[in-house]
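Here's the structure we're looking at; comments come further down.
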2 protein chains.
Amino acid sequence: MTRRSDPDYRPNLTLRDVSEASGVSEMTVSRVLRNRGEVSEKTRQKVLAAARDLGYVPNKIAGALASNSVNLVGVIIPSLSNMVFPEVMMGISDVLDDTPLQPVVGVTDYDPEKEERVIFEMLSWRPTGLIVAGLEHTDAARKMMQAAGIPIVEIMDVDGSAVDACVGISHERAGRETATEILKRGYRKIGFLGTKMPLDHRARKRFEGFNAVLTEAGLALADEEYYSGGSALAKGREMTQALLSRTKDLDFLYYSNDMIGAGGLLYCLEAGLNVPGDIGMAGFNGVELIEGLPRRLATMDSCRTEIGKAAAQIIASVLDKSAPKPARQIELSPVFAPGDTVR
Amino acid sequence: MTRRSDPDYRPNLTLRDVSEASGVSEMTVSRVLRNRGEVSEKTRQKVLAAARDLGYVPNKIAGALASNSVNLVGVIIPSLSNMVFPEVMMGISDVLDDTPLQPVVGVTDYDPEKEERVIFEMLSWRPTGLIVAGLEHTDAARKMMQAAGIPIVEIMDVDGSAVDACVGISHERAGRETATEILKRGYRKIGFLGTKMPLDHRARKRFEGFNAVLTEAGLALADEEYYSGGSALAKGREMTQALLSRTKDLDFLYYSNDMIGAGGLLYCLEAGLNVPGDIGMAGFNGVELIEGLPRRLATMDSCRTEIGKAAAQIIASVLDKSAPKPARQIELSPVFAPGDTVR
DNA sequence: GAAGGATTTGTTATCGCTAACATAGATTGT
DNA sequence: ACAATCTATGTTAGCGATAACAAATCCTTC
């Protein structure tokens, strides 16, 4: 009576309305609408008809509070501005579509503080599980996740230690393997092109792995170029031109992602360079776009969809107590795809 | 006592725990944590310290139920598989980041029945507002949205009638204007390349607008080609090759999106065709990628980020009762960007 | 046809938090 | 000094659903 005295208070339909319209108790209505418990066919039809007529939409807020269960899965990713994370989302959606669970997305912009806020916000909805990109978090964020008492899946990366479960690839290893392949093919004077993103730990780890192999072989990067913002394809072009004109005789260009790699490839072909004879190129991610380029850029698949699927399965597995428990640490192994841009 | 007798019941921290730890009432704790109402600085500090020590995370489910307000905005889009919708999301996030609101995404896969289910699911969380792509919905979905009593913003399209607010462009007009520009430049034998998606109403409307202008000029499409699935860039290539070898003397190719247009452009350039002299090309969307192509594909910007922003602003405006109310019907006007692929 | 189990429906007590109102202290004005 | 006015805090009563238990109804079966 106090609440409803607010002049702005606009009551929605409740279970009570359906209950009155159909002449049964609220509990029975609840049972019908959730398909839970035994209800006679006659009553069921009566209730469904009443609910439909009224246009009743259940209030999950109340339901979640009463049942202490929320069919939401928090998904926390750094960005939506390239296809990498939407593709992970697709994997997640794909699996969750077969369950009552629904993903809720939060974006951190690669900012640890913002990530912490987003995690806090997510956890305050008491989701069934949380999927978070990366293994690097603030101490507070890590503590919150540990204390949450729900499955937490850290995705994309396995180089580090996870709060709970984790699914991803080793970016350090990806960098190493790419470097190994490149050296094996006889390239020696190598340039690196990447993003200006100190907080993109996965890019950093690839870079470190890559460099480590060069160092072990007694080599070092001949030159580097970084960008931020703008059309990745255009930036790839510009950076490539800048790098090649600054440092002569480079025989390989390693790009931190396929998009700038594609830009670089287009540039080299237009410039009439002999790819992969005089100069080789490789990117990272294995994006679909590569299929349509004049030559297939060498790359390494980052297994985005599989990662999303596996992560979602781990979360979904808590619903089905009888199902076999999936592994809680999953490392996928991307393979180097030489395409047409290495010899 | 009954609930807590469940052996699996794992109680989270509640306001009561913080209240006991800090020696004030639950209500005062609630006030401190929400920055609402007058609380002395001393008490505030005491409460904050207790909450931090315990690692308390509020339960928004309970809060939302008690206060009858939910800081969630439902966003319902057909797909995540191309950058169009993630870019709309970016616009939405951008605006909502300055508010207490948080987006929750649902994906429909262009399926009206699934859309209806997703809308039902969203509304059952009693969000502050709903953003839905497109104007075409099932009757039931439309009825639910009307009855929800929250701002509903239908986005991307304005060719039709909206349930409540709407922000977008006229795809019919976009198609017409593109056709007009093409004819103005003297192209006459035109081929169309698009997606096999009867339920992509916006693509259909562009197609219809485009055709209408041709018809008015006494012309008709010379040939058409459709695809589904796969790398859009690669498909653009393949379709272009197929179309050009099937129908000779085409002098223009109109693509239903930039990605296949880009593939087509790469193909034509490799094939040594004279673009835009002998054959012109145009796409749709104005994606960033275009900047990095060998030539800038003619296109028309679909104003994705602005649409997302405007939609989010409409929803956000209900929070701030003093703020000026934004228009509830917003039509943006994309302009034809000729680039380098029309003469 | 009455006992006894199965099936169907109802009642009660929360879930954790917040709106509204109530009250206790502190402060002020005359 | 005492009523009037603030400030700071507490109390009460839900929000709309569901879990657990209780009661009522329906069949069997002998």
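Just so you know, these numbers use all the heavy atoms, side chains as well, and skip hydrogens, waters and symmetry mates. Predicted model only: the values in this text are computed from it and were never measured. Chain letters run A, B, ... following the sequence lines, proteins first and then strands; every chain starts at 1.
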Roughly how many Å is it from [atom1] in [X] to [atom2] in [N], rounded to a whole number?
| X | N | atom1 | atom2 | result |
| --- | --- | --- | --- | --- |
| B:Arg31 | D:dG10 | CZ | P | 8 Å |
| B:Glu38 | C:dG25 | CD | C1' | 15 Å |
| A:Trp125 | C:dG16 | CH2 | P | 16 Å |
| A:Gln45 | C:dT8 | CD | P | 14 Å |
| A:Arg126 | C:dC15 | CZ | P | 14 Å |
| B:Ile61 | D:dT18 | CD1 | P | 13 Å |
| B:Asn71 | C:dT18 | CG | C1' | 15 Å |
| B:Arg36 | C:dT18 | CZ | C1' | 10 Å |

Phosphate OP1/OP2 of [N] contacted by [X] side-chain N/O (<4.0 Å):
| X | N | answer |
| --- | --- | --- |
| B:Ser30 | C:dC17 | no |
| B:Thr43 | D:dT9 | yes |
| A:Arg44 | C:dT9 | no |

Counting heavy atoms from C-beta on, name the nucleotide in [options] closest to the side chain of [X].
| X | options | value |
| --- | --- | --- |
| B:Glu26 | C:dC15, C:dC17, C:dG10 | C:dC17 |
| A:Met27 | D:dA20, D:dG16, C:dC17 | D:dA20 |
| A:Ser40 | D:dT18, C:dT8, D:dG10 | C:dT8 |
| B:Ser67 | C:dT9, D:dG16, C:dT18 | C:dT18 |
| B:Tyr56 | D:dA20, D:dG16, C:dC17 | C:dC17 |
| B:Leu65 | C:dG10, C:dG16, D:dG10 | C:dG16 |

Side chain to side chain contact (heavy atoms under 4.5 Å, CB included) for B:Leu33 and B:Leu48? Distances and angles first, verdict last. CA-CA 7 Å; B:Leu33 297 179; B:Leu48 287 176; 4.1 Å; yes

Full working for side chain to side chain contact (heavy atoms under 4.5 Å, CB included) between B:Ile77 and B:Val88: CA-CA 9 Å; B:Ile77 57 183; B:Val88 175; 5.7 Å; no

Of B:Ser25 and A:Pro58, the one whose nearest nucleotide on DNA chain D sits closer to the 5' end is B:Ser25

Side-chain donor/acceptor of A:Ser124 to backbone N/O of B:Asn59, under 3.5 Å: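 Pair absent, no side-chain N/O of A:Ser124 close to backbone of B:Asn59.
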
Heavy-atom donor-acceptor pair, A:Asp109 side chain to A:Asp111 backbone, under 3.5 Å: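 Checking the backbone N and O of A:Asp111 against the side chain of A:Asp109, no donor-acceptor pair under 3.5 Å is found.
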
If you apply the rule side chain to side chain contact (heavy atoms under 4.5 Å, CB included), what do you find for A:Ile314 with A:Val167, and how did you get there? CA-CA 9 Å; A:Ile314 291 178; A:Val167 182; 3.8 Å; yes

